[in-house]
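Working notes, beginning with the structure itself.
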There are 2 protein chains.
Amino acid sequence: MVTITDIAEALGITPSTVSRALAGSPRVKEDTRVAVLRKAEEMGYQRNIMAANLRKRRSDIVGIVVPRIHRQFFANVISGAESILNEAGYNVMICQTMEKLDVEIKVLRTLRNHQVAGVLLSHAIEARDSKHLAALGNIPLVQYDRVFFDYPGAKVVGANCEGAFKATKHLIESGYRKIGTIAGFMTSQAYVERLAGYRLAIESAGIPFNPDIVYENAIVRETGREAALKALEAGCDALYCCGDFCALGAVEALQEKGVRIPEDFGIVGTANEFFTSLMTPALTSLGQNPYEMGREAARAFLEGRTDTTVIPMELQIRSSSIRNTICQK
Amino acid sequence: MVTITDIAEALGITPSTVSRALAGSPRVKEDTRVAVLRKAEEMGYQRNIMAANLRKRRSDIVGIVVPRIHRQFFANVISGAESILNEAGYNVMICQTMEKLDVEIKVLRTLRNHQVAGVLLSHAIEARDSKHLAALGNIPLVQYDRVFFDYPGAKVVGANCEGAFKATKHLIESGYRKIGTIAGFMTSQAYVERLAGYRLAIESAGIPFNPDIVYENAIVRETGREAALKALEAGCDALYCCGDFCALGAVEALQEKGVRIPEDFGIVGTANEFFTSLMTPALTSLGQNPYEMGREAARAFLEGRTDTTVIPMELQIRSSSIRNTICQK
DNA sequence: GGAATTTGTGCAAACGTTTGTATATTTGTC
DNA sequence: GACAAATATACAAACGTTTGCACAAATTCC
């Protein structure tokens, strides 16, 4: 392994000069700079990043923490963040928490031990408060998607309330009458806001808000099924779902009961996962623009921001929510 | 930031002893070990991994290189590898190449600069040979899924030939007569073998192999569409597809042409991506068991193996390939 | 042409660990 | 109780960079 000292010796200069030359410091003469660069190339020099990081007391790695990597949403957040961070000379270290608090704690500790330059985090469902985030010490943290508003620092979130409002309003305008919601976990602000948006839309339409047809703590396929069956029993004819997987479960459960979608029952999901367009009927979904969210989170880190950025959400209307009536407006 | 020197001073001993105590060396007395551990806890000590890595001349990071993170297949490989590596005390650094050779080269250089303990790689489609892998120097490399057999070191691959054989045989047994294949890129061994398996099945059934109905260089949705239209024109009544996305494109193109699947035309994909079960008709797919592949690749790295491991592939039979005839055998 | 300034390079100390070797202490043996 | 052996700790040198400071040489200024 060739080091800057080797280069220095080969050139009869000191490692400091080599270091500065490689870093492009204006303090070295042009001639020696090109000499160093050529020699480095010739000797096959590879910079030892760990040594540099140790000396500089910080690394060029940014940690990205996601609940689960295989969810399209998070995979796209990662891609977005990576596109910005790589450009700025950073590398990313991706960590999955599997929605578990203890894994999240372990992961944050690891990132801290690596002295990463920053962390972009979307917390696990199991994490009910921001206490454990303090483990990061003074490493800059950007929260995205699922955020704790009581914890200081930059945040990037979807326009959840506004989005859920649009989604629910769309169901109302499609002519559905008793619209429930699969609401997710109230431990996460994102879901709280979606519920708020749903409620706002309902009440704006002059319909009284009915807590009995709000199905909390459902988010995956199986719990979506269960919630849908309850909703059916309660006389609902539509559901706004806080996720696509629970929406998928809902669709399946209803179809098994012989309920026709969208004729008898309307469904809207959230996230606009790839599979939603392939379902029968294709699922209307509130898209979150994860790629942009990742880019924005990365920018927030780079610029050292501490504010909150809101990423618009767009309703992708498909078959599962369009009744025979023509969509008004 | 508290260091082992701080702990040593607080305890009136030397950093070396603290280091050994923390590492669980048998050379330190039980008493001092617990004293060190308690003090470390009390002072909120966090090990500086970069310093340790520098001294040990290797890092605790294993690089995982994937073409695209958002593909279920690779996301699951990552999860599998992570499960084994974390257990063994390693952390993973995930890199996407976006199927581009220059990005792959850049990524490998970065991993090398980080002195990672090892690399698990599935090369980009654009990478046509193994030349650029030498950039890793003496860092152990495990190739998985897409591998270069001419490059030394451990490899973990799916039973592509055998799998494609099963998939094609299934189409034959379902009663399809003229079976083509969307074959992918012949620059990648995985696709070469799938084609070989297809051919073997065809010929074993006494059907002459017909290169005219082998559609190469198709792998994504759009190219799958194009290939399917050509196959239709050529009089095919079935296609074995080397991927699920090109299979999806094929299904869509055929359906638009009014071709009924599976009645008029049979389709089998490869990878068993999540969405295949949600399509109409549900897509029969040759599943690759990516989670196991990731685990195996990680084990190959840990054990320093240099052999080739083959992961069985299982055919998930769904509607897209079952004609009215009963499946023989 | 001497003083002041600029420019380029060298020196050496850090960054926080790990680890081979040396030393001090304890234990065991006869 | 002297000596060997085992045990536990200390010493000090690395690992490969970066960077503040010092210093020499070259340039500028009056």
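Atom set for the values below is all heavy atoms of this structure, side chains included, hydrogens, waters and symmetry mates excluded. Chain naming here is simple, since letters A, B, ... match the order of the sequence lines and numbering starts at 1 in each.
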Considering only side-chain heavy atoms of B/Ala52, which listed nucleotide, C/dT17, D/dA10, C/dG16, is closest?
C/dT17
Tell me whether B/Glu82 contacts the main-chain N or O of B/Val92 through its side chain, where contact means a donor paired with an acceptor under 3.5 Å.
no
If you check every side-chain atom of A/Arg20, which of D/dG20, C/dT17, D/dC15 has the closest atom?
D/dG20
Taking only N and O in the side chain of A/Ser16, is any of them less than 4.0 Å away from OP1 or OP2 of C/dA12?
no
Applying a 4.0 Å non-hydrogen cut-off, can you work out what B/Ile13 is touching in the nucleic acid: base, sugar-phosphate, or nothing?
sugar-phosphate
Rounded distance (Å) that lies between atom C1' of D/dC15 and atom CZ of A/Arg47:
16 Å
Position toward the 5' end of DNA chain D (nearest nucleotide), A/Ser19 or B/Leu54
B/Leu54
Find the distance B/Asn53:CG to C/dG16:P and express it as a whole number of Å.
15 Å
Taking only residues two or more places apart in sequence or in another chain, which ones pass side-chain hydrogen bond (donor to acceptor under 3.5 Å, both in side chains) with B/Glu303?
B/Arg305
With a 3.5 Å cut-off and heavy atoms only, can you find an N or O donor on one side and an acceptor on the other between the side chain of A/Thr3 and the base of D/dC15?
no
Mark yes or no for a side-chain to base donor-acceptor pair under 3.5 Å between A/Thr14 and C/dC11, with no hydrogen or angle criteria applied.
no
Any side-chain N or O of A/Thr17 under 4.0 Å from OP1/OP2 of C/dG8?
no
Whether B/Arg146 and B/Glu99 form a salt bridge (side-chain N of Lys/Arg under 4.0 Å from carboxylate O of Asp/Glu) is what I want to check.
yes
Determine whether a donor-acceptor pair (one donor, one acceptor, N or O, separation below 3.5 Å) exists between the side chain of B/Arg27 and the base of D/dT9.
yes
Options C/dG16, C/dT17, D/dT17, nucleotide nearest the side-chain atoms of A/Tyr45
D/dT17
Got a donor-acceptor contact below 3.5 angstrom from the B/Gln96 side chain to the B/Ile69 backbone?
yes
Interatomic distance, A/Asp60 CG vs D/dT17 C1' [rounded to whole Å]:
13 Å
With the threshold set at 4.0 Å, does a side-chain nitrogen-carboxylate oxygen contact exist between A/Glu41 and A/Arg38?
no
Can you figure out which of C/dT19, D/dT17, D/dT9 approaches the side chain of B/Lys56 most closely?
C/dT19
